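A quick note: this is a predicted structure, and the numbers were derived from the prediction, not measured.
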Amino acid sequence: GQQLNQSPQSMFIQEGEDVSMNCTSSSIFNTWLWYKQDPGEGPVLLIALYKAGELTSNGRLTAQFGITRKDSFLNISASIPSDVGIYFCAGQYGGSQGNLIFGKGTKLSVKP
Amino acid sequence: DTEVTQTPKHLVMGMTNKKSLKCEQHMGHRAMYWYKQKAKKPPELMFVYSYEKLSINESVPSRFSPECPNSSLLNLHLHALQPEDSALYLCASSQDPLRDFYNEQFFGPGTRLTVL
């Protein structure tokens with residue numbers, strides 16, 4: 001089946017530092033999504049990407065849809081303590097009826 | 001409004017109990033989803049409803065029974081569960097399951113289920 005490789009698995013950073021995480025796939029996706037999940041809560045959609053090469057920002061977050069359509073990255077600038085959580089990438093391919101393929105997540109810890 | 005609501009927030013049940021999880025959205029979305037999530041793992045798809053019809057069942061045991069009474073509501077009926085079924089159960093919705101683009105999923109807060 002389709003798999004997404006998300007890295008890094010975890011990050012420990014100092015407040016104010018920039019963060020970068022990425023996902024790669026063995027298959028082509030039509031859509032890349034980035035979610036953040038706090039403990040005991042549902043994932044919250046951060047950024048949605050639909051076109052190869054697309055670069056989209058949401059506040060301090062920036063994400064890009066790779067040219068090959070098989071990868072995506074998420075950057076967080078000037079991290080703050082509330083950025084703590086698990087970040088998931090998810091890809092969707094054509095004709096999937098909404099079936100998302102999730103990465104295994106990146107756990108972000110921020111030291112004040 | 002991009003809100004999906006789920007009730008209850010927490011549920012504890014015995015293996016002989018019958019209970020139901022509820023999910024609601026008022027965004028006019030025509031696709032609704034049930035996911036199961038274990039600790040430190042990504043969500044795993046269980047069921048997809050497309051225009052109120054079950055379109056995907058990811059080989060889920062029959063002790064989980066989904067129901068979509070109308071386009072805004074989604075239920076998950078639980079019966080004779082096992083302790084290993086304890087997990088966070090997430091509902092999600094998206095605009096149109098037949099679209100390949102602009103069909104991002106919005107998740108509810110989840111129901112934390114514990115089976116004793």
Connected via hydrophobic side-chain network under 4.5 Å: Ile101(A) and Phe47(B)
no

Has Gln9(A) got more than 12 heavy atoms of other residues, nucleotides or ligands less than 6.0 Å from its CD?
no

Is Leu46(A) reachable from Val110(A) through a run of I, L, V, M, F, W or Y residues, each pair having side-chain heavy atoms under 4.5 Å apart?
yes

Grouping I, L, V, M, F, W and Y whenever their side-chain heavy atoms are under 4.5 Å apart, do Val44(A) and Phe102(A) come out in a common cluster?
no

Single-linkage hydrophobic cluster Val48(B)~Met32(B), side-chain heavy atoms < 4.5 angstrom:
no

Among Tyr35(B), Phe107(B), Phe106(B), which residue meets the side-chain contact (heavy atoms from CB on, under 4.5 Å) test with Pro43(A)?
Phe107(B)

Using the rule given for side chain to side chain contact (heavy atoms under 4.5 Å, CB included), can you reason through Glu58(B) versus Asn99(A), listing the C-alpha separation, both sets of side-chain angles and the distance that settles it, and then say yes or no?
CA-CA 10 Å; Glu58(B) 291 287 359; Asn99(A) 195 348; 3.5 Å; yes

Is there a path of hydrophobic side-chain contacts, each under 4.5 Å between heavy atoms of I/L/V/M/F/W/Y residues, joining Val60(B) to Ile56(B)?
no

For Gln37(A), is it the side chain, the backbone, both, or neither that has a heavy atom closer than 4.5 Å to a heavy atom of chain B?
side chain

Which atom pair, heavy atoms only, marks the closest approach of Tyr102(B) to Lys51(A)?
OH-CE, 4.3 Å

Please find the pair of heavy atoms, one from Leu90(B) and one from Gly42(A), that lie closest to each other, and give the distance.
CD2-CA, 3.6 Å

Please check if the number of heavy atoms outside Lys38(B) that lie under 6.0 Å from its NZ is greater than 12.
yes

Side chain, backbone, both or neither of Phe88(A) within contact of chain B (heavy atoms, under 4.5 Å)
side chain

Stepwise salt bridge (charged side-chain N to carboxylate O under 4.0 Å, His left out) test for Lys9(B) and Glu41(A)
CA-CA 10 Å; Lys9(B) 180 74 172 172; Glu41(A) 299 293 329; 3.3 Å; yes

Please flag which part of Leu45(B) lies under 4.5 Å from any non-hydrogen atom of chain A: side chain, backbone, both or neither.
side chain

Chain A shares the most heavy-atom pairs under 4.5 Å, among Ala31(B), Gly108(B), Pro43(B), with Pro43(B)

Where does Gln37(B) contact chain A at under 4.5 Å (heavy atoms): side chain, backbone, both or neither?
side chain

Rounded to the nearest 0.5 Å, the CG atom of Leu45(A) sits from the OG atom of Ser94(B) at a distance of 11.5 Å

Gln105(B) versus Tyr35(A), closest heavy-atom pair with distance
O-OH, 2.6 Å

Considering non-hydrogen atoms only, spot the tightest contact between Pro42(B) and Gly103(A) and give its length.
CB-O, 3.3 Å

At what distance, to the nearest 0.5 angstrom, does OH of Tyr33(B) lie from CG of Leu100(A)?
7.0 Å

